[in-house]
Each structure stands twice: as structure tokens, then as C-alpha cells.
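Here the structure comes first, spelled out in C-alpha cells, and everything after it is commentary.
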Amino acid sequence: MASALRVVPATPESLAPLPSWFPTPEALAQWGGSGLSFPLDARQIEAMLAETRTVPPLRLAFVGLVEGETAAHAQVVLDWTDGIARLARFAVAPTYRGQGLARPFLADVFARLDAVGDFPRLELNVYTFNTSAIALYESLGFVREGVRRSSVKVGSARWDAAIYAIIRER
Ligand SMILES: CC(C)(COP(=O)(O)OP(=O)(O)OC[C@H]1O[C@@H](n2cnc3c(N)ncnc32)[C@H](O)[C@@H]1OP(=O)(O)O)[C@@H](O)C(=O)NCCC(=O)NCCS
């Protein structure tokens, strides 16, 4: 599977399948936070991509293609002032999950981040119930720095968000 993976910048066309990956408001919020409205649509996708076209870019966005099909997606939000990159909106397509795609995809995304600039701090937020994502991030060396308790409202629920980061040597 991993050998067939090709990572390229995201386009409106390659992100067109994304709404189908998140069939409920909870699934959408788990991936993209509470700032998105359900269902995900082309207008919200375009707003994300617009931030990849600023100079310098505020955001990077990539897709992982397997035989031309969009199998993974991730964004990296860039803080150029302090050299902080935040992995965001990372997902593997439901039909490709559990096949070992996440690690090679993220490795390529982080290599592309390094090609764009110097970001010694790489961070991310993940909901504390998201045990599969947390297992992945911890295995990659991300360190839990704290939990923002009850920080996100999804429907009538409130979710705890854990903050993770790696301080990277270059
Ligand atoms: C998190 C997610 C990206 C993992 O993708 P995946 O394709 O299932 O992951 P992989 O098969 O490549 O496995 C990579 C690692 O993830 C972890 N993992 C994946 N599925 C897991 C599960 N069911 N239970 C525990 N850990 C799991 C493991 O650490 C695994 O490594 P290992 O196989 O060496 O143990 C995927 O579940 C997803 O897209 N979830 C919905 C969106 C989301 O929550 N994104 C994260 C937002 S912070």
C-alpha cells in the first residue's frame, strides 16, 4: 500500500471526496474542529485552500493518492513569526484506514514542510477520546503537553483537546 502512495498539493478536485469521509457532525468535528459547519462543502474547502495561496502561505494542504484516488489528506498551519507548524485536518479515507498509510503519508508531509521553511516546533491538537490518532502521534514522538478540558462544543457535548508537540532538530 505505502509504495503506491503519492503525496501532492491538494486541489479542489482532489478534495472533492472529503465530505463523504465525514458522515456526521461528530465525525466532521473530530477531523476539523468545531469551526466547520456540517456537512463539509466546496465553499469551506475553498476557504482552506485560499490560505495555501497567500504569500507566504498560511497553510499547506496535501493529499495522498493511491492509484489516482484520494486516500489521505492533511494540512499544516504555519506560524512564520515563531517557527511553529501545526498539523491539522489529517485523515485517511475510511476505505483506506488500518492499512498502514498514515505513517508514510505523514513522513512525506513533514518532509514537504521542511522544504518550505524552518519550523522547529511541530504541534497538533487531538481530542482525548481519539485513541487511534493518539497512539499514532505518540509513536511518532509527539509529547503530550496538556489538555484543554471541555474546550470544544459539539452538539450538546463538550470535548477535551490534548495538545501535542515535537521539538525538531534540523
Ligand atoms: C487516525 C487515522 C488517520 C489513522 O489512520 P489509519 O489509516 O487507520 O492508520 P494506519 O493503519 O496507518 O496505522 C497507523 C497507526 O495508527 C494507530 N492506529 C490506527 N488504528 C488504530 C486502532 N484501531 N487502535 C489503536 N491504534 C490505531 C497505530 O498507532 C498504528 O500504528 P501500528 O499499526 O504500527 O500500531 C484515521 O483513523 C482517521 O482518519 N481518523 C478519522 C480522522 C481523525 O480522527 N483524524 C485525526 C484528527 S487529530
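Keep in mind that what you see is a predicted model, and the values were worked out from it rather than measured. All ligand and atom numbering here is 1-based and tracks the order in the structure. All residue numbers in this chain count up from 1 along the given sequence.
Taking a cut-off of under 4.0 Å to the non-hydrogen atoms of Arg103, the atoms of ligand 1 that pass are 15 (C), 29 (O), 30 (C), 31 (O), 32 (P), 34 (O). Annotation for ligand 1: atoms under 4.0 Å from non-hydrogen atoms of Gly98 are 6 (P), 7 (O), 8 (O), 11 (O). For ligand 1, the atoms sitting less than 4.0 Å from at least one non-hydrogen atom of Ala91 are 39 (O), 42 (C), numbered in the order shown with element in parentheses. When each atom of ligand 1 is checked for a heavy atom of Val126 under 4.0 Å away, the hits are 48 (S). Taking a cut-off of under 4.0 Å to the non-hydrogen atoms of Asn125, the atoms of ligand 1 that pass are 48 (S). Interface atoms of ligand 1 facing Gln30, defined by a heavy-atom separation under 4.0 Å, are 41 (C), 43 (C), 44 (O), 47 (C). Below 4.0 Å from some heavy atom of Gln99 lie the following atoms of ligand 1, by number and element: 11 (O).
Note: Ile84 CD1 to Leu122 CG = 10.5 Å, rounded to the nearest 0.5 Å. Expressed to the nearest 0.5 Å, how far CZ of Arg53 lies from CZ of Arg59 amounts to 12.5 Å.
Residue pairs meeting the ring-ring contact (aromatic ring centres under 6.0 Å, His included) criterion with at least one partner in residues 37-83, sequence neighbours excluded, are Trp80-Phe119. Identified under the salt bridge (Lys or Arg N to Asp or Glu O under 4.0 Å) test for residues 149-166, with sequence neighbours left out: none.
Note on ligand 1: Leu87 sits outside its first shell, no heavy atom being nearer than 4.0 Å. Residue contacts with ligand 1: Tyr137 is included, with a non-hydrogen atom under 4.0 Å away.
Of the protein's heavy atoms, none falls inside 4.0 Å of atom 2 (C) of ligand 1. Protein heavy atoms are found less than 4.0 angstrom from atom 20 (N) of ligand 1. Remark: atom 13 (O) of ligand 1 lies closer than 4.0 Å to no protein heavy atom.
The single protein non-hydrogen atom nearest to atom 10 (P) of ligand 1 is Gly100 N, 3.7 Å, given as residue, atom name and distance. With hydrogens left out, the protein atom closest to atom 15 (C) of ligand 1 is Leu136 CD1, 3.7 Å, a heavy atom. With respect to atom 9 (O) of ligand 1, the closest heavy atom belonging to the protein is Ala102 CB, 3.5 Å.
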Step by step, work out the salt bridge (Lys or Arg N to Asp or Glu O under 4.0 Å) result for Glu51 and Arg89.
-> CA-CA 14 Å; Glu51 292 193 352; Arg89 297 181 175 164; over 6 Å; no
Would you sort out whether Leu28 and Gln44 count as a side chain to side chain contact (heavy atoms under 4.5 Å, CB included), showing the intermediate values?
-> CA-CA 12 Å; Leu28 183 65; Gln44 295 180 87; 5.5 Å; no
Dump the intermediate steps for side chain to side chain contact (heavy atoms under 4.5 Å, CB included) on Val92 and Phe105, then the final yes or no.
-> CA-CA 9 Å; Val92 170; Phe105 175 67; 5.8 Å; no
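An N or O contact shorter than 3.5 Å links Val92 to ligand 1 by distance. Considering both main-chain and side-chain atoms, Arg97 comes within under 3.5 Å of ligand 1 through a nitrogen or oxygen pair.
For Arg148 (side chain) and Ala161 (main-chain N/O), no donor-acceptor pair under 3.5 Å exists by modelled atom type.
Scanning both residues, Trp21 and Ala91, for their nearest heavy atoms gives CZ3-O, 3.7 Å.
Applying the 6.0 Å contact sphere to CD of Glu145 captures more than 12 heavy atoms from other residues, nucleotides or ligands.
For atom 23 (N) of ligand 1, the choice among Ala161, Pro104, Ser132, Ala135 with the nearest heavy atom turns out to be Ser132.
Contacts of Asn130 with ligand 1, taken as heavy-atom pairs under 4.0 Å, involve the side chain alone. When heavy-atom distances to ligand 1 are checked against a 4.0 Å cut-off, Phe90 comes that close through both its backbone and its side chain.
Residues Leu113 and Tyr137 share a hydrophobic cluster, clusters being chains of Ile/Leu/Val/Met/Phe/Trp/Tyr side chains in contact below 4.5 Å.
Arg103 and Ser139 are linked by a side-chain donor-acceptor pair at a separation below 3.5 angstrom, with hydrogens and angles left out of the test.
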